[in-house]
Amino acid sequence: QAITSISANFVQKTTDQIGELVNVSEGQMQVGEGSKFNIATLTPFEQHLISNGQDFYTFDPELEQVVVRPLIKDASQVPILVLGNADPDFLARFEVQIEQDDADLLEFSLTSRENSVFERLHLVFKSSKPQRLWFEDSLGQTTNIELSQVTTNQILPDSTFSFVVPDGVDLIDDR
């Protein structure tokens, strides 16, 4: 609750149920209060995931396509929403365990109390800043996100979380 915004670079690694590496991607992210986020994956291919708190845009420049749909405001479905979440009822949906290895390292494990895509969410903080997140899904895959160059509680303008469909790009509006 003390974090109102996050900006960071990330490396995301996904492994399958037997631990085989399935995917590695890198990019940048900004997360704000009110279910707002802007995630730009830069490698291995460019993709943008943007939410203004109401609508969720997926932009694939290579495909020249944007899909917009209503944002599902459920961190067990959209795990990035665990960051910057000011909803007082948020934690009621999870069983929370806290583990502290030393004075600087704190880990939260959130297990969904409901059926969800992600069964368990883990957040690791070092010196009160998020450093790592990982999610275990119902199919046995694990997504591990390492954060670097993390800044918190900066004022992020609303334009960070708005999206304008570029000219010549197909729009699929599923709202």
Side-chain angles (χ1 to χ4, degrees), residues 1-44 47-51 53 56 71-114 116-158 160-161:
Q1 290 180 344
I3 297 175
T4 59
S5 70
I6 298 168
S7 293
N9 293 335
F10 68 86
V11 175
Q12 176 176 311
K13 296 179 181 177
T14 304
T15 56
D16 64 16
Q17 61 273 17
I18 60 170
E20 289 276 328
L21 187 62
V22 175
N23 185 31
V24 177
S25 58
E26 296 182 41
Q28 302 166 334
M29 62 182 250
Q30 292 84 34
V31 179
E33 290 181 300
S35 303
K36 296 178 182 177
F37 55 85
N38 186 331
I39 302 169
T41 301
L42 305 173
T43 62
Q47 183 183 53
H48 300 268
L49 307 173
I50 301 167
S51 171
F56 175 43
L71 177 66
I72 299 170
K73 294 183 181 181
D74 181 356
S76 64
Q77 304 294 320
V78 184
I80 196 67
L81 296 179
V82 76
L83 299 173
N85 195 318
D87 177 3
D89 297 325
F90 169 72
L91 288 178
R93 295 181 217 138
F94 297 92
E95 178 183 322
V96 179
Q97 295 179 337
I98 301 171
E99 185 176 316
Q100 189 157 9
D101 288 345
D102 58 40
D104 281 351
L105 202 61
L106 186 62
E107 180 177 341
F108 295 87
S109 296
L110 289 75
T111 304
S112 180
R113 296 180 190 276
E114 306 160 1
S116 70
V117 174
F118 294 94
E119 293 182 348
R120 196 166 297 119
L121 311 171
H122 302 268
L123 294 99
V124 177
F125 290 80
K126 184 172 179 138
S127 302
S128 300
K129 286 188 177 184
Q131 295 296 305
R132 188 169 92 137
L133 302 96
W134 78 96
F135 319 119
E136 299 170 26
D137 71 21
S138 57
L139 300 174
Q141 285 193 335
T142 300
T143 300
N144 183 23
I145 302 170
E146 294 282 341
L147 303 177
S148 62
Q149 298 180 350
V150 178
T151 58
T152 57
N153 300 332
Q154 290 184 318
I155 296 173
L156 299 174
D158 285 339
T160 304
F161 309 109

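The structure presented is a predicted model; accordingly, all values stated were derived computationally and were not measured. Every heavy atom of this structure was used, including side-chain atoms; hydrogens, water molecules and symmetry mates were not. All residue numbers refer to positions in the sequence shown, counting from 1.
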Any chance you could lay out the side chain to side chain contact (heavy atoms under 4.5 Å, CB included) test for Asn9 and Gln28, step after step, and finish with the verdict?
-> CA-CA 4 Å; Asn9 293 335; Gln28 302 166 334; 3.2 Å; yes
Straight-line distance of [X] [atom1] to [Y] [atom2], nearest 0.5 Å:
X: Leu110; Y: Leu123; atom1: CG; atom2: CG; answer: 6.5 Å
X: Asn144; Y: Thr15; atom1: CG; atom2: OG1; answer: 8.0 Å
X: Phe108; Y: Leu133; atom1: CZ; atom2: CG; answer: 12.0 Å
X: Glu107; Y: Ile98; atom1: CD; atom2: CD1; answer: 11.0 Å
X: Gln47; Y: Ser25; atom1: CD; atom2: OG; answer: 9.0 Å

Could you check Glu99, Arg132, Glu136 and say which one makes a side chain to side chain donor-acceptor pair (under 3.5 Å) with His122?
-> Glu136
Can you tell if the side chain of [X] reaches within under 4.5 Å of the side chain of [Y], non-hydrogen atoms only?
X: Gln12; Y: Val24; value: no
X: Trp134; Y: Thr142; value: yes
X: Leu21; Y: Thr14; value: no
X: Phe125; Y: Ile3; value: yes
X: Glu95; Y: Arg113; value: yes
X: Met29; Y: Val31; value: yes

With distance as the sole test, does Lys129 use its side chain to make a donor-acceptor pair with the main-chain N or O of Thr151 at under 3.5 Å?
->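 No, because the side chain of Lys129 does not come within donor-acceptor range (under 3.5 Å) of the backbone of Thr151.
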State, to 0.1 Å, how close [X] and [Y] come at their nearest heavy-atom pair, and which atoms those are.
X: Gln141; Y: Asp16; value: CG-CA, 4.0 Å
X: Pro130; Y: Thr152; value: CD-CG2, 4.1 Å
X: Leu156; Y: Gln30; value: CD1-CB, 4.0 Å
X: Thr41; Y: Thr43; value: CG2-O, 3.5 Å
X: Ile145; Y: Phe135; value: CD1-CE1, 3.6 Å
X: Val124; Y: Leu105; value: CG1-CD1, 3.6 Å

Can you tell me if Ser5 and Asn153 form a side-chain donor-acceptor pair at under 3.5 Å?
-> no
Under the side-chain contact (heavy atoms from CB on, under 4.5 Å) rule, collect the residues that match up with Gln17, sequence neighbours excluded.
-> none
Just do the ring pair (Phe, Tyr, Trp, His ring centres under 6.0 Å) check on Phe37 and Phe56 with the steps written out, would you?
-> CA-CA 9 Å; Phe37 55 85; Phe56 175 43; 5.7 Å; yes
Verify the neighbour count for atom CD1 of Ile155: are there more than 12 heavy atoms of other residues, nucleotides or ligands below 6.0 Å?
-> no
Is it true that Arg120 and Asp137 make a salt bridge, defined as a side-chain N closer than 4.0 Å to a carboxylate O?
-> no
